[in-house]
> 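Sharing a structure with you now.
FYI, the numbering just counts along the sequence from 1.
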Amino acid sequence: MTETPVPAGVDLFDVHRLRLSEVQAPQLSPEDELARDCVWNEAVRANPNLFDGPVVACAGVEWEGPHSLVLYWARVTYRHYALRRVPGNTSWLPSLFVSVVQPTDDGRVLVARMSSSTAAPGRWQLPGGSVEPPGEHQVLDEVAVRRHAARELAEETGVELPPEELSLWAVTRGEHRSVGLVFLAPPRPEAMLCERFEEATVAERAMGHEPELDRIALVRSAAELMDLHGPHVGYLAPVVYRYTKAPLRHDA
């Protein structure tokens, strides 16, 4: 099988430095708020595991130098993304998330399947999650999102490492214009990755919690993703492809 290039609708950018700047979220009209709440309440009835916690949305990006990106962000809650499903609405902001490329010693990449209790059951993606807003007297900067990426990797796969061992490796833009900050972890032995994931999922279930990820796989190429049953998040094949052989775009 041949490798899969970056598909239409997905962008990968080569970013080495990131600056984050907070802005205000768009002010919604009463009609937009009502439509948003109706869609959100319907989604919660279909999946009671959804929760309306604080989250960071992406309000825009721009280059300020070679490989250096400015990312504007706003404080919203998960309810905000219900606006995507309101016909004709253009006031919503795309989501902002972190993900981690965790390689094995022999060059494969760990990919994971979302469990049935999540907002995207059965979907294959990289370990990661939505960026959360900083607390009082804290800032959201590249160091903070790197810490968040390390925490997501540990919580979802059991692989713990100091945040400074992660390097900003790429920025993606894909479905619903969502922006992903992709970090690269040091290679680990296959046996260790499988053992840590098993320990993490067993511990979660012992506490009565359903793990966010219910399965992992190790793939050597984007073509091997086709052997995984279920949907794939849009950025997954391009990121795996880039890790093995493809250069990135440098334009925003």
> Show the nearest heavy-atom pair for residues Leu96 and Tyr81, with the distance to one decimal.
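Closest approach of Leu96 to Tyr81, heavy atoms only: N-OH, 4.2 Å.
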> Should Arg19 and Glu142 count as an ion pair when the cut-off is N to O under 4.0 Å?
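No, no charged N to carboxylate O under 4.0 Å.
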> Between His16 (side chain) and Pro66 (backbone), is there a donor-acceptor pair under 3.5 Å?
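Answer holds: no.
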> So that I know where these two stand, are Tyr235 and Tyr241 an aromatic pair - ring centroids less than 6.0 Å apart?
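No, too far apart.
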> Could you state the interatomic distance from NE2 (His148) to CG (Leu166), rounded to the nearest 0.5 Å?
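Atom-to-atom, His148:NE2 and Leu166:CG are 12.0 Å apart.
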> Is the closest side-chain heavy-atom distance between Val111 and Leu225 below 4.5 Å?
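Yes - at least one pair of side-chain heavy atoms lies under 4.5 Å apart.
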> Please tell me if the side chains of Arg84 and Ser178 come closer than 4.5 Å, counting only heavy atoms from C-beta onward.
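Counting from C-beta outward, Arg84 and Ser178 do come under 4.5 Å.
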> Under 3.5 Å, is there a donor-acceptor pair between the side chain of Ser68 and the main chain of Glu64?
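No, because the side chain of Ser68 does not come within donor-acceptor range (under 3.5 Å) of the backbone of Glu64.
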> Looking at side-chain heavy atoms only, is the closest gap between Trp124 and Pro231 below 4.5 Å?
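The answer is no; the side chains never approach within 4.5 Å.
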> Backbone N or O of Trp169 within a donor-acceptor pair of the Ser167 side chain at under 3.5 Å?
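Judged by distance alone, no pair lies under 3.5 Å.
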> Is Gln125 reaching over with its side chain to a backbone N or O of His232, donor-acceptor style, under 3.5 angstrom?
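Such a contact is absent between Gln125 side chain and His232 backbone.
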> Show, in sequence, the C-alpha distance, side-chain angles and deciding distance for Glu152 and Thr157, and conclude whether the side-chain contact (heavy atoms from CB on, under 4.5 Å) test is met.
CA-CA 8 Å; Glu152 291 283 352; Thr157 71; over 6 Å; no
> Provide the closest heavy-atom pair for Ala237 versus Ala222 in the form atom of the first, atom of the second, distance.
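For Ala237 and Ala222, the tightest heavy-atom pair comes out as O-CB, 3.7 Å.
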> For the pair Asp32 (side chain) and Leu28 (backbone), establish whether a donor and an acceptor sit closer than 3.5 Å, ignoring hydrogens and angles.
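It does not hold such a pair.
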> Looking only at heavy atoms, which two atoms of Pro103 and Leu193 are closest? And how far apart?
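Nearest pair, atom of Pro103 first, then Leu193: O-CD1, 4.1 Å.
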> Do Arg146 and Glu164 meet the salt-bridge criterion of a basic N to acidic O distance under 4.0 Å?
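Salt bridge absent between Glu164 and Arg146.
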> Go through the steps to decide whether Trp40 and Leu50 satisfy the test side-chain contact (heavy atoms from CB on, under 4.5 Å), and finish with yes or no.
CA-CA 9 Å; Trp40 172 258; Leu50 297 178; 4.1 Å; yes
> Taking Glu204 for the side chain and Glu199 for the main chain, is one N or O donor matched with an acceptor at less than 3.5 Å?
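Checking the backbone N and O of Glu199 against the side chain of Glu204, no donor-acceptor pair under 3.5 Å is found.
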> Using the ring of Trp92 (Phe, Tyr or Trp, six-membered ring only), decide whether Arg36 places NZ or CZ under 6.0 Å from its centre and within 45 degrees of its axis.
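Ring-cation test returns no.
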> Check whether any side-chain heavy atom of Pro127 lies under 4.5 Å from a side-chain heavy atom of Val159, and answer yes or no.
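No. Closest side-chain heavy atoms not under 4.5 Å.
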> With rounding to the nearest 0.5 Å, note down the distance linking CG in Leu20 to CG in Asp141.
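Reported value, rounded in 0.5 Å steps: 7.0 Å.
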> Would you mind reporting whether Glu22 and Arg75 have side-chain heavy atoms less than 4.5 Å apart?
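Side chain of Arg75 against side chain of Glu22, heavy atoms only: contact under 4.5 Å found.
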> In Å and rounded to the nearest 0.5 Å, what is the SG to NE2 distance from Cys58 to His176?
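Spacing of SG (Cys58) from NE2 (His176) equals 15.0 Å.
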> Using atom types as modelled and distance alone, determine if a side-chain donor or acceptor of Thr201 lies under 3.5 Å from a backbone N or O of Glu198.
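Between the backbone of Glu198 and the side chain of Thr201 there is a qualifying donor-acceptor contact (under 3.5 Å).
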> What class does the angle between the rings of Trp63 and Phe13 fall in, given that below 30° is parallel, 30 to 60° is tilted and above 60° is perpendicular?
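Rings of Trp63 and Phe13: perpendicular, as their planes differ by over 60°.
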> Begin with the C-alpha distance, continue with both residues' side-chain angles, and end with the deciding distance and a verdict on side-chain contact (heavy atoms from CB on, under 4.5 Å) for Val179 and Phe97.
CA-CA 7 Å; Val179 173; Phe97 63 92; 6.0 Å; no
> Are any non-hydrogen side-chain atoms of Leu71 and Leu181 less than 4.5 angstrom apart?
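Side chain of Leu71 against side chain of Leu181, heavy atoms only: contact under 4.5 Å found.
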> Just by distance, do the side chain of His80 and the backbone of Leu93 share a donor-acceptor pair under 3.5 Å?
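Side chain of His80 to backbone of Leu93: a pair is present.
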> With rounding to the nearest 0.5 angstrom, report the CG to OG1 distance, Leu218 to Thr104.
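OG1 of Thr104 is found 6.0 Å from CG of Leu218.
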> Calculate, to the nearest 0.5 Å, the distance between atoms CG and CZ belonging to Leu12 and Arg242 respectively.
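With rounding to 0.5 Å, CG (Leu12) is 7.5 Å from CZ (Arg242).
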> Do Val145 and Val55 belong together in a cluster built from hydrophobic side chains that touch within less than 4.5 Å?
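No; tracing contacts between hydrophobic side chains, which count when under 4.5 Å, never links both residues.
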> Can you tell me how far the CG atom of Leu236 sits from the CZ atom of Arg123, to the nearest 0.5 Å?
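Taking CG in Leu236 and CZ in Arg123, the distance rounds to 10.0 Å.
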> Glu160 and Ala154: which non-hydrogen atoms are nearest, and at how many Å?
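That would be CG-CB, 3.8 Å.
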> Please tell me whether Val76 and Phe51 are part of a single hydrophobic cluster in this structure, the criterion being side-chain heavy atoms less than 4.5 Å apart.
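Yes, same cluster.
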> Test of understanding: clusters of I, L, V, M, F, W, Y form through side-chain heavy atoms closer than 4.5 Å, transitively. Do Leu161 and Ile216 belong to the same one?
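Yes, same cluster.
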> Identify the heavy atoms of Gly234 and Val10 that sit nearest to each other, and give their distance.
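The pair with the smallest heavy-atom distance is O-CG2, 3.8 Å.
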> Is it possible for you to say whether Val233 and Tyr78 belong to one hydrophobic cluster, with membership spreading through side-chain heavy-atom contacts below 4.5 Å?
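No: no chain of side-chain contacts under 4.5 Å links Val233 to Tyr78.
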> Check for a donor-acceptor pair, side chain of Glu33 on one end and backbone N or O of Pro30 on the other, with a separation under 3.5 Å.
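Side chain of Glu33 to backbone of Pro30, a donor-acceptor pair under 3.5 Å: no, none is there.
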> Side chains of Tyr72 and Glu62: any donor to acceptor distance under 3.5 Å?
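Tyr72 and Glu62 do have a side-chain donor-acceptor pair below 3.5 Å.
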> For the backbone of Asp106 and the side chain of Arg220, can you confirm whether one donor and one acceptor N or O come within less than 3.5 Å of each other?
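Judged by distance alone, yes, a pair lies under 3.5 Å.
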> Phe197 and Leu213: which non-hydrogen atoms are nearest, and at how many Å?
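Taking Phe197 first and Leu213 second, the nearest heavy atoms are CZ-O, 3.7 Å.
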> Evaluate the side-chain proximity of Ser115 to Pro211: yes if any heavy-atom separation is below 4.5 Å, no if none is.
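With C-beta onward as the side chain, the pair stays apart.
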> For Asp105 and Met192, what are the C-alpha separation, side-chain angles and deciding distance, and is it a side-chain contact (heavy atoms from CB on, under 4.5 Å)?
CA-CA 11 Å; Asp105 288 340; Met192 186 267 265; over 6 Å; no
> Could you tell me if the side chain of Leu140 sits less than 4.5 Å from the side chain of Val56, heavy atoms only?
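Counting from C-beta outward, Val56 and Leu140 do come under 4.5 Å.
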> Using 4.0 Å as the upper bound for N to carboxylate O, is an ion pair formed by Arg188 and Glu165?
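Salt bridge flag = yes for Arg188 with Glu165.
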